[in-house]
Amino acid sequence: MKPSAGTYAAKKRHRYDIWDVLIHLVLILASLACTLPFLHVVAKSFSEDAYVIANKVYLWPAGFTLGAYEKIFADASILRSLYISVLVTVLFTILGMIVTVCAAYPLSRKQLKGRTVFTFIFVFTMYFHGGIIPDYMLMNSLGMLDTLWALVLPLSFSAFNLLIMKSSIMSSIPASLEESARIDGAGHFRILWNIVLPLCKPILATLSLFYAVGRWNAYQDALFYIKHNTELRPLQLKLYYLVIQASESFQLESVNVQLSNPEVLKASVVVFATLPIVCVYPFIQKYFVKGTMLGAVKE
């Protein structure tokens, strides 16, 4: 006796319900894996030194205090590092987007001769790189060591972001739209400014976020290129030195008891350095979602 259509539908719905539960469970576990470590750091930043040293702080502050943040705002070097990080991130993002747009637009036009060769050259740099030593020698020969431009110029162009921008322009700007603009007498710069950029706001916001977050979290280039001019050290490099200080203080804890635990100061600086990016993200979230989903649905 064959099962009825209602029985088959009920079994199918039950099977889908199981998969829904498994998917939600995996998403919840993944969200907790990303959220709990940050909550632990936040809790440590608001806790007293004694509780942190005794490892009694988990997800809620123990002995609530703002002492670590008071030390941050009292330290002029940390505030100076914050200003340098904001300045470098803004300049880096603006310059990176200008270069990316100016390179992606011509490569997306079919009338450009040799665009396949140029695209291959850009893609080649994604797989083969000279390394840190040639980069340092280049910065030294250009006289850019211990300057602000050493943090802005070297990584201000990303071939990966170029390919994303190029694909976005090709998929969102029809050739007929460009042809109609040309009939009206528009040139390349007018087409780019009045047609391409307004229609590419989602991908522009997405790539801007990629550039900004990548530059904000980077510290290795500052560690190599900023040696003597300590006023140009970004906040992330300051955090790196605090991590080293915390490790050394832990090793010498038996002979040198400090009044302030470096772990608490380190946690507070982590939170302090994360807040600017967290505050910026909600304003471009809708564009970010549209940009990341670009090309995922084919009609």
Can you tell if the side chain of [X] reaches within under 4.5 Å of the side chain of [Y], non-hydrogen atoms only?
{"X": "Arg190", "Y": "Ile195", "value": "no"}
{"X": "Val57", "Y": "Glu48", "value": "no"}
{"X": "Ser85", "Y": "Trp216", "value": "yes"}

Counting only N and O atoms by type, is there a donor-acceptor contact under 3.5 Å from the side chain of [X] to the main-chain atoms of [Y]?
{"X": "His24", "Y": "Asp20", "result": "yes"}
{"X": "Thr147", "Y": "Met144", "result": "yes"}
{"X": "Ser108", "Y": "Tyr105", "result": "yes"}
{"X": "Arg115", "Y": "Leu107", "result": "yes"}
{"X": "Thr100", "Y": "Met97", "result": "no"}
{"X": "His40", "Y": "Tyr58", "result": "yes"}
{"X": "Arg80", "Y": "Glu231", "result": "yes"}

Would you say that more than 12 heavy atoms from the other residues, nucleotides or ligands in this model lie under 6.0 Å from the [atom1] of [X], or not?
{"X": "Leu25", "atom1": "CG", "value": "yes"}
{"X": "Tyr83", "atom1": "OH", "value": "no"}
{"X": "Tyr69", "atom1": "OH", "value": "yes"}
{"X": "Phe64", "atom1": "CZ", "value": "yes"}
{"X": "Met126", "atom1": "CE", "value": "yes"}

Using the ring centroid of each side chain, check whether Phe118 and Phe122 are separated by less than 6.0 Å.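 Ring centres of Phe122 and Phe118 not closer than 6.0 Å.
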Output for pair (Ile23 CD1, Leu27 CG), nearest 0.5 Å, gives 7.5 Å
In plain terms, say whether Arg233 and Asp146 are close enough for a salt bridge, that is, a side-chain N and a carboxylate O under 4.0 Å apart. no
Kindly assign one of parallel, tilted or perpendicular to the pair Tyr136 and Tyr225, based on the angle between their ring planes and the thresholds 30° and 60°. parallel
